Novice: 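Mind looking over this structure? Questions follow.
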Amino acid sequence: MKKTTVIVGLGSCGIAAGAGKTFSEFQRIKGADKLDFELKKTSCVGMCFREPLVEIIDDSGTYLYGQVDPAKADEIIEKHIKNFSPIPEYIVHSEKFPSADQSFFEGQVKIALRNCGHMDPENIDEYESRNGYAAIRKIADNYLKPDQVIQMVIDSGLRGRGGGGFSTGMKWKFARNYDAPQKYVICNADEGDPGAFMDRSILEGDPHGVLEGMIICGYAIGASEGYIYCRAEYPLAIKRLNIAIEQARQKGYLGKNLFGIEHFNFDIKIKEGAGAFVCGEETALIASIEGRRGMPRRRPPFPAQSGLWNSPTNINNVETFVNIPWIIFTGPQAYAAMGTEKSKGTKVFALTGKIKHGGLVEVPMGISIKDIIYNLGGGIAGGKKFKAVQLGGPSGGCVPEYLSHTQVDYDSVNATGAIMGSGGMVVMDETTCVVDIARFFLDFTQKESCGKCTFCRIGTKRMLEILTRITEGEGHEGDIELLEELAHNIKDGSLCGLGQTAPNPVLTTIKYFRNEYEAHIRDKKCPALSCKKLLTYTVDQEKCTGCMSCTKGCTVDAIEGGKREPHFILQDICIKCGACYTKCKFGAIQLS
Amino acid sequence: MSTKQILEKFEPRRENLLMILHALQDNHPQHYLTEEALGETAKHLKLTKSSVYGVATYYSMFSLKPRGKFVIRVCVSAVCELMKGQEVIGHLENVLGIKSGETTPCGTFTLEIAECLGQCQEAPSMMINEKVFNHLDEQKIRKVITEYRKW
């Protein structure tokens with residue numbers, strides 16, 4: 001009989017949801033009751049909306065339990081482990097017990113996320129048992145030349161997953177073609193887009209996959225040193241990368257004459273960022289690794305020609321690198337067989353916002369936005385109506401509901417005015433004000449602008465002021481046109497991607513929701529009933545019980561009415577803070 | 001550990017500047033970079049004091065002001081805002097009795113706003129030192145702060 005295995009998901013999302021306590025509980029009872037099951041750790045399988053997740057594998061099959069707190073852990077041990085009787089109502093995914101959540105996995109094809117949630121990221125042996133380091137061995141055993149490896153990457157059709165969408169193989173070829181005594185490979189792990197967290201999940205769940213991708217890149221372009229530039233906001237990712245690098249060095253997978261390939265030396269160092277979004281831009285990232293202020297510079301020369309310490313450098317994103325071992329091991333044709341004509345393979349999307357099933361999904365390129373949101377994501381939370389989705393974070397744009405049949409590939413998404421970006425999908429429902437959301441994204445890029453280019457530094461500030469004014473009911477005629485003019489000037493007058501794309505959320509919301517901007521400006525109304533300063537708060541006299549909780553919550557004494565008498569709000573005193581709305585337990589405060 | 005001991009752990013190369021600043025800041029009980037530490041770093045790396053200062057002030061995670069034992073960083077980016085994150089700062093300000101950017105008089109907590117923390121799946125989020133807290137609402141915030149006050 002096979003030994004039962006209990007695997008607890010300990011990604012940073014799981015830990016935040018209490019997975020640490022769940023793990024300890026399994027450990028405690030295992031010791032106390034002298035139970036003979038194997039207790040293992042893994043990372044996040046993407047099903048963030050059901051964290052903490054625990055997988056149980058035994059003779060009869062595989063069962064994924066969701067939202068397992070210590071109390072549920074006790075019950076699972078008692079019923080499932082001791083008495084072989086699984087608990088269907090807690091199971092979120094299993095072949096034997098259909099669950100309402102299983103649609104989350106249907107249609108997913110896991111390549112970049114192949115190991116996330118399926119192995120212990122701190123154990124190199126587990127990575128190797130899942131074809132880990134087999135791709136670089138295939139290269140060594142078959143004496144594949146660097147040019148052949150690059151050709152395989154070109155043939156796979158893989159394009160940069162960080163947002164650029166440039167052919168990865170071509171990028172490698174450029175770096176290979178420059179002759180220099182020293183070249184570098186950099187992994188861009190400075191994921192900063194609000195709404196994207198796939199790189200964090202990959203680093204926490206499959207650090208060796210990223211290392212192997214970098215090693216292969218080093219061999220292909222002729223580099224002997226690699227750097228991972230990881231943002232300091234991801235301490236768990238940094239910890240697991242350090243463990244992985246140490247294990248790889250001990251096994252001789254990093255160092256000198258690797259995998260029996262003579263003169264192939266490669267080692268990797270980690271560099272931590274310190275909270276600057278613009279360092280995700282490649283030239284700013286290089287400046288930051290060199291220990292300088294992370295500010296972008298003009299290109300050309302591109303890093304492939306003159307990058308880190310003026311040497312040829314190839315920079316790819318985390319998700320791009322983790323795809324490489326799979327492509328080399330399985331063959332480029334298998335990868336190219338998926339996706340669309342110009343966008344091959346799969347892409348990881350981060351589902352966030354007003355969606356039922358928030359988390360990470362990986363799907364073949366070419367499926368529609370609607371399929372992702374409704375089939376995998378379970379639709380909109382709280383039974384509300386789907387309004388729009390922000391694709392590509394602060395550099396991307398807003399795609400309205402009526403364009404949700406758009407298929408996800410680089411070109412189709414670009415045609416809407418949004419970008420694929422790193423794959424963040426921020427879902428908005430009917431209660432979300434798109435003007436306000438555009439303001440939030442612009443607020444972010446404005447704060448993160450490094451200040452080098454005047455248009456980005458001052459232009460975004462002016463745009464933000466106008467948007468703030470509009471959402472506060474102080475907008476006037478001509479504001480929309482002014483926003484558009486500023487937006488185009490910022491796009492034209494900025495050196496790097498941050499400034500060139502910062503106005504996108506505003507431009508796309510004007511394009512698709514111009515009427516909402518006009519309602520804010522002309523009628524001083526927010527159609528989504530979200531902008532607080534444009535709302536009127538009134539008391540529904542029938543529902544009001546006169547409990548006085550709103551009166552106590554009001555900081556400006558704008559609510560009148562005695563105990564057990566219907567209240568009313570003095571509109572000229574009301575500052576529209578919304579405190580009464582949150583305090584009222586009877587739904588008597590109405591917004592209009 | 002003294003500033004000197006920390007500096008000795010790093011080779012005197014400019015590429016180590018950010019790592020040194022992180023190490024110095026983490027080592028200080030008040031989680032900040034003192035003027036003396038910046039000066040020592042400049043000497044160690046043979047850089048001008050102004051260029052070290054320039055780097056230290058460019059990155060948002062470095063502080064030149066003393067901070068609390070626990071640095072609370074609240075995400076205020078779009079996804080957290082969409083999920084009612086704007087209320088998180090208000091609740092924290094109420095519970096701690098300080099404004100964003102300030103430190104409690106007892107020196108226990110500093111409240112800061114941060115860019116995206118990459119926990120968007122369970123927004124709104126905050127980090128206290130290196131620990132992540134998601135799905136925040138008033139009740140959870142009160143509970144977490146009460147726990148930390150016991151330390």
Side-chain angles (χ1 to χ4, degrees), chain A residues 12-13 15-17 44 46 48-49 51 191-197 199-201 231-236 271-277 279 288-295 309 350-354 358-360 390 393-394 424 426-428 432 436-437 440-441 443-444 447-448 450 505 582, chain B residues 10 13-23 25-26 41 45 47 51-63 73 75-87 90 112-123 125-127 129-138:
Chain A
S12 62
C13 43
I15 293 171
C44 178
C48 307
F49 61 102
E51 297 275 12
E191 177 176 64
D193 280 8
F197 50 91
D199 290 352
R200 172 180 62 72
S201 200
R231 66 197 302 239
E233 286 87 346
Y234 291 173
L236 186 65
K271 289 279 173 182
E272 270 181 59
F277 172 69
C279 287
S288 189
I289 292 184
E290 292 174 352
R292 295 182 285 121
R293 288 161 73 99
M295 288 165 106
W309 293 297
L351 305 180
T352 61
K354 306 291 179 84
L360 284 183
Q390 175 81 14
V426 184
V427 179
M428 305 167 213
T432 315
D436 208 27
I437 282 294
F440 277 129
F441 278 112
D443 179 58
F444 176 80
K447 281 189 196 133
E448 295 299 331
C450 77
T582 357
Chain B
F10 295 91
R13 287 206 311 266
R14 180 164 194 157
E15 66 160 304
N16 290 329
L17 177 53
L18 266 76
M19 300 303 260
I20 290 174
L21 295 180
H22 271 302
Q25 178 164 288
D26 292 345
T41 308
L45 298 179
L47 293 170
S51 60
V52 172
Y53 181 82
V55 170
T57 50
Y58 181 79
Y59 295 93
S60 68
M61 287 177 92
F62 296 132
S63 175
R73 306 178 72 233
C75 179
V76 291
S77 64
V79 182
C80 281
E81 292 293 338
L82 183 65
M83 306 308 280
K84 299 202 167 169
Q86 64 268 58
E87 291 166 15
E112 291 182 356
I113 56 168
E115 59 178 284
C116 182
L117 300 174
Q119 297 289 338
C120 321
Q121 75 287 350
E122 282 155 300
S125 304
M126 66 176 182
M127 279 175 97
N129 293 351
E130 295 209 330
K131 204 165 174 335
V132 180
F133 296 90
N134 293 335
H135 271 311
L136 297 173
D137 56 22
E138 188 175 2

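Basis for what follows: all heavy atoms, side chains included, without hydrogens, waters or symmetry-related copies. Note that the coordinates shown come from a computational prediction; the quantities given were computed from them, not determined experimentally.
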Novice: Identify the heavy atoms of B:Val55 and A:Arg293 that sit nearest to each other, and give their distance.
Specialist: CG2-N, 3.9 Å

Novice: Below 4.5 Å from any heavy atom of chain B, which atoms of A:Glu51 appear? Answer side chain, backbone, both or neither.
Specialist: side chain

Novice: Mind listing the closest non-hydrogen atom pair of B:Leu82 and A:Thr432 along with its distance?
Specialist: CD1-CG2, 3.1 Å

Novice: In terms of heavy-atom pairs under 4.5 Å with chain A, which of B:Glu15, B:His22, B:Arg13, B:Met19 leads?
Specialist: B:Glu15

Novice: Measuring only between side-chain heavy atoms, which start at C-beta, is A:Pro235 closer than 4.5 Å to B:Met127?
Specialist: yes

Novice: Of the non-hydrogen atoms in B:Ala78 and A:Pro194, which two are nearest, and what is the gap between them?
Specialist: N-CB, 4.3 Å

Novice: Counting only non-hydrogen atoms closer than 4.5 Å, does B:Glu122 touch chain A with its backbone (N, CA, C, O), its side chain (CB onward), both, or neither?
Specialist: side chain

Novice: Using a 4.5 angstrom heavy-atom cutoff, name the option from A:Gly393, A:Cys13, A:Gly358, A:Ala276 with the most pairs to chain B.
Specialist: A:Cys13

Novice: Quick one: of B:Gln119, B:Lys131, B:Glu115, who has the most non-hydrogen atom pairs under 4.5 Å with chain A?
Specialist: B:Glu115

Novice: Please identify, among A:Gly273, A:Gly294, A:Gly359, A:Ala350, the residue contributing the most non-hydrogen atom pairs under 4.5 Å to chain B.
Specialist: A:Gly294

Novice: What's the separation between atom CD1 in B:Ile113 and atom NZ in A:Lys447, rounded to the nearest 0.5 Å?
Specialist: 4.5 Å

Novice: Hey, what do you get for CD (B:Glu81) to CZ (A:Phe441), rounding to the nearest 0.5 Å?
Specialist: 11.0 Å

Novice: Is atom CZ of B:Phe10 surrounded by more than 12 heavy atoms (other residues, nucleotides or ligands) closer than 6.0 Å?
Specialist: yes

Novice: Flag the one option from B:Leu45, B:Ile20, B:Val132, B:Leu18 with the top tally of heavy-atom pairs under 4.5 Å to chain A.
Specialist: B:Leu18

Novice: Measuring from A:Thr352:OG1 to B:Met83:CE, what's the distance to the nearest 0.5 Å?
Specialist: 8.0 Å

Novice: Which answer fits A:Asp193, side chain, backbone, both or neither, if we ask what part of it has an atom under 4.5 Å from a heavy atom of chain B?
Specialist: backbone

Novice: Any side-chain heavy atom of B:Arg14 within less than 4.5 Å of one from A:Glu290?
Specialist: no

Novice: In terms of heavy-atom pairs under 4.5 Å with chain B, which of A:Ala274, A:Ala196, A:Gly275 leads?
Specialist: A:Ala274

Novice: If I measure from the heavy atoms of chain B, does A:Tyr234 come under 4.5 Å with its side chain, its backbone, both, or neither?
Specialist: side chain

Novice: How close do B:Leu17 and A:Gly291 get, heavy atom to heavy atom, and via which atoms?
Specialist: CD2-O, 3.4 Å

Novice: Atom OG of B:Ser60 and atom CZ of A:Phe277: how far apart are they, to the nearest 0.5 Å?
Specialist: 12.5 Å

Novice: Given a strict heavy-atom distance threshold of 4.5 Å, which part of A:Cys450 is in contact with chain B: side chain, backbone, both, or neither?
Specialist: both

Novice: Any chance you could measure A:Arg231, atom CZ, to B:Cys116, atom SG, to the nearest 0.5 Å?
Specialist: 6.0 Å

Novice: Between B:Gly118 and A:Phe197, what is the shortest heavy-atom contact and its length?
Specialist: O-CB, 3.3 Å

Novice: As an exercise, state the distance from OG of B:Ser51 to CZ of A:Arg292, rounded to the nearest 0.5 Å.
Specialist: 11.0 Å

Novice: Side chains of A:Glu233 and B:Arg73: closer than 4.5 Å at any heavy-atom pair?
Specialist: yes

Novice: Would you say the side chain of B:Met61 lies within less than 4.5 Å of the side chain of A:Glu272, judging by non-hydrogen atoms?
Specialist: no

Novice: A side-chain contact here means heavy atoms from C-beta on lying under 4.5 Å apart; do A:Ser288 and B:Tyr59 qualify?
Specialist: yes

